[in-house]
Colleague: 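Here it is, the structure, as structure tokens.
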2 protein chains.
Amino acid sequence: MVAEKVFTQLRRGTLEFCVLALLQGEPRYGFELVKALGEVDGLVTTEGTIYPLLARLRREGLVETSWRESESGPPRRYYTSTAEGSQALAAFTADWQRFCTSVDKILQSGRRG
Amino acid sequence: MVAEKVFTQLRRGTLEFCVLALLQGEPRYGFELVKALGEVDGLVTTEGTIYPLLARLRREGLVETSWRESESGPPRRYYTSTAEGSQALAAFTADWQRFCTSVDKILQSGRRG
DNA sequence: CTCCGCTACCATGCGATACAAGGTACCTGC
DNA sequence: GCAGGTACCTTGTATCGCATGGTAGCGGAG
């Protein structure tokens, strides 16, 4: 899968905030996030990516965690966005749109030559 | 500038193809590319980024180079996109649009909680 | 009861790449 | 000649996604 390599680079910086977006208003646990992202084109990822990422978000105070028992299987650590997390997400969303606009403009400029 | 850090990550993977887009139908030299990108929101970069990147594109056969004298200053190495480069750019453009759509969808889903 | 497979957590090391910092060389104007 | 701008390039560092591997609880097959 050569084409997948492109997405690996594109994910950089965005994955963090995609997770944050998924946590808005709805607590989720790590494994669930992996599956949720796996259903979205270009965002497929693994636990090895998600857990370090979540740890980082926790260190930065953008998410909080709590343990809950599961009916079937090991206990789950649920992640919830903090107010600071929502704020960071809003800031990123604005940056992301600026960035997209710029890239689109450049890509289009090379459309015909 | 903390906000700039976000763009540093976002540029990953896209910068390469933004350069390729700038080279469509119009040969340019490294220093010129730095200045051209500097005028675009979120794509500001430096020579230390561009030259390794151009060397990579050359190794991969996506661009070709030729030296030209300058009327004022040192000679310039001009970069031109190959057919393979244009093809890679087209492929990336499609991937980029898929990716953008996915990210937009996720970011919007977290808009209201 | 034991083994296998699934869920769920986590840590460690690697690879790709943007960038900072520094170096060389040419040209123009003082 | 030397200061400053243009133009090229290299080396080292930081970031972050991911591959890999390890722990542990639960349920079903043998």
Side-chain angles (χ1 to χ4, degrees), chain A residues 1-2 4-20 27-38 40 42-60 62-63 65-79 92 99 103, chain B residues 1-2 4-20 27-38 42-60 63 65-79 92 99 103:
Chain A
M1 305 306 156
V2 181
E4 300 306 322
K5 280 233 172 103
V6 178
F7 290 111
T8 299
Q9 293 305 321
L10 289 181
R11 274 188 282 272
R12 287 194 170 247
T14 65
L15 203 53
E16 184 175 342
F17 294 97
C18 285
V19 166
L20 220 43
R28 293 178 191 255
Y29 58 99
F31 211 73
E32 187 185 2
L33 286 167
V34 173
K35 284 185 288 186
L37 290 169
V40 184
L43 290 176
V44 188
T45 190
T46 67
E47 304 162 74
T49 300
I50 284 294
Y51 288 114
L53 190 157
L54 287 169
R56 207 164 58 236
L57 291 178
R58 193 153 43 122
R59 267 199 309 275
E60 293 167 1
L62 304 183
V63 300
T65 69
S66 61
W67 286 95
R68 290 195 212 166
E69 301 278 319
S70 165
E71 295 140 11
S72 60
R76 299 162 173 172
R77 192 204 280 272
Y78 275 79
Y79 295 81
F92 171 79
F99 182 73
V103 172
Chain B
M1 299 313 155
V2 181
E4 300 305 323
K5 279 240 173 97
V6 178
F7 289 111
T8 297
Q9 293 306 318
L10 289 182
R11 273 188 282 274
R12 290 194 173 246
T14 65
L15 202 52
E16 186 175 339
F17 293 97
C18 285
V19 166
L20 219 42
R28 294 176 191 254
Y29 57 98
F31 211 74
E32 186 187 1
L33 287 167
V34 173
K35 283 186 287 187
L37 289 169
L43 290 177
V44 189
T45 189
T46 67
E47 302 162 74
T49 300
I50 284 294
Y51 289 115
L53 190 157
L54 287 170
R56 208 163 59 236
L57 291 178
R58 195 153 40 123
R59 268 199 307 275
E60 293 167 1
V63 300
T65 69
S66 61
W67 286 95
R68 289 195 215 167
E69 302 277 320
S70 167
E71 295 140 12
S72 62
R76 299 163 174 172
R77 191 204 281 271
Y78 276 79
Y79 295 82
F92 172 79
F99 183 74
V103 173

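From a predicted model like this one, the values you see are computed outputs, not experimental measurements.
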Colleague: Which whole-number value in Å describes the distance from L33(A) CG to dA8(C) C1'?
Modeller: 12 Å
Colleague: Let's go through Y51(B) and F31(B) carefully: what are the C-alpha distance in whole Å and the side-chain angles of both, what is the deciding distance for side-chain contact (heavy atoms from CB on, under 4.5 Å) to 0.1 Å, and is it a yes or a no?
Modeller: CA-CA 9 Å; Y51(B) 289 115; F31(B) 211 74; 4.2 Å; yes
Colleague: What's the closest nucleotide to the side chain of W67(A) if the choices are dA8(C), dC19(C), dC10(C)?
Modeller: dC10(C)
Colleague: Between P on dA24(D) and CZ on F31(A), what's the gap in Å once rounded to a whole number?
Modeller: 18 Å
Colleague: Could you state the CD-P distance from E32(B) to dA7(D), rounded to the nearest angstrom?
Modeller: 9 Å
Colleague: Can you figure out which of dA7(D), dC19(C), dT12(C) approaches the side chain of K35(B) most closely?
Modeller: dA7(D)
Colleague: Look at all strands and tell whether F17(B) reaches a base, only sugar-phosphate, or nothing, counting heavy atoms closer than 4.0 Å.
Modeller: nothing
Colleague: Can you work out whether P75(B) or T49(B) has the more 5'-proximal nearest nucleotide on DNA chain D?
Modeller: P75(B)
Colleague: Picking from dA8(C), dA16(C), dC18(D), which would you name as closest to the side chain of T8(A)?
Modeller: dC18(D)
Colleague: State which of dA7(D), dA18(C), dA8(C) makes the closest approach to the side chain of R76(A).
Modeller: dA8(C)
Colleague: Which nucleotide in the set dC18(D), dC19(C), dT7(C) lies at the smallest distance from any side-chain heavy atom of T45(B)?
Modeller: dC19(C)
Colleague: Only one of V44(A), T46(A), I50(A) forms a side chain to side chain contact (heavy atoms under 4.5 Å, CB included) with L37(A), so which one is it?
Modeller: I50(A)
Colleague: Let's see if you can work this out: which of dC18(D), dC19(C), dA8(C) has an atom nearest to the side-chain heavy atoms of P52(B)?
Modeller: dC19(C)
Colleague: How many whole angstroms separate atom CG of L10(A) from atom P of dC16(D)?
Modeller: 16 Å
Colleague: Between dC10(C), dG17(D), dA18(C), which nucleotide gets closest to the side-chain atoms of R77(A)?
Modeller: dC10(C)
Colleague: Let me know the distance between NZ of K5(B) and P of dA14(D), rounded to the nearest Å.
Modeller: 11 Å
Colleague: Taking only side-chain nitrogens and oxygens of Y29(A), does any of them come within less than 4.0 Å of OP1 or OP2 of dA8(C)?
Modeller: yes
Colleague: The side chain of P74(B) lies closest to which of these nucleotides: dT17(C), dT15(D), dC26(C)?
Modeller: dC26(C)
Colleague: Examine the base of dC9(C) for any acceptor or donor lying under 3.5 Å from a partner atom in the side chain of E47(A), and report the outcome as yes or no.
Modeller: yes
Colleague: Using whole Å, what does the distance between atom P of nucleotide dC16(D) and atom CG of L53(A) come to?
Modeller: 9 Å
Colleague: Taking all atoms of both residues into account, what is the closest heavy-atom pair of C18(B) and L43(B), and its distance?
Modeller: SG-CD1, 4.1 Å
Colleague: Quick one: E69(A) CD to dA24(D) C1', roughly how many Å, whole number?
Modeller: 14 Å
Colleague: Is there, by distance only and without an angle test, a donor paired with an acceptor across the side chain of R12(A) and the base of dC16(D) below 3.5 Å?
Modeller: yes
Colleague: Can you figure out which of dG17(D), dC10(C), dA19(D) approaches the side chain of T46(A) most closely?
Modeller: dA19(D)
Colleague: Is there a donor-acceptor pair closer than 3.5 Å between any side-chain N or O of R11(A) and the backbone N or O of G42(A)?
Modeller: yes
Colleague: Select from G48(A) and T14(B) the residue whose nearest nucleotide in DNA chain C is closer to the 5' end of that strand.
Modeller: G48(A)
Colleague: What's the separation between atom CG in L10(A) and atom CZ in F17(B), rounded to the nearest 0.5 Å?
Modeller: 8.5 Å
Colleague: Classify the ring geometry of F7(B) against F99(A): parallel below 30°, tilted from 30° to 60°, perpendicular beyond 60°.
Modeller: tilted
Colleague: Please give, in whole Å, the distance from dA25(C) P to Y51(B) OH?
Modeller: 16 Å
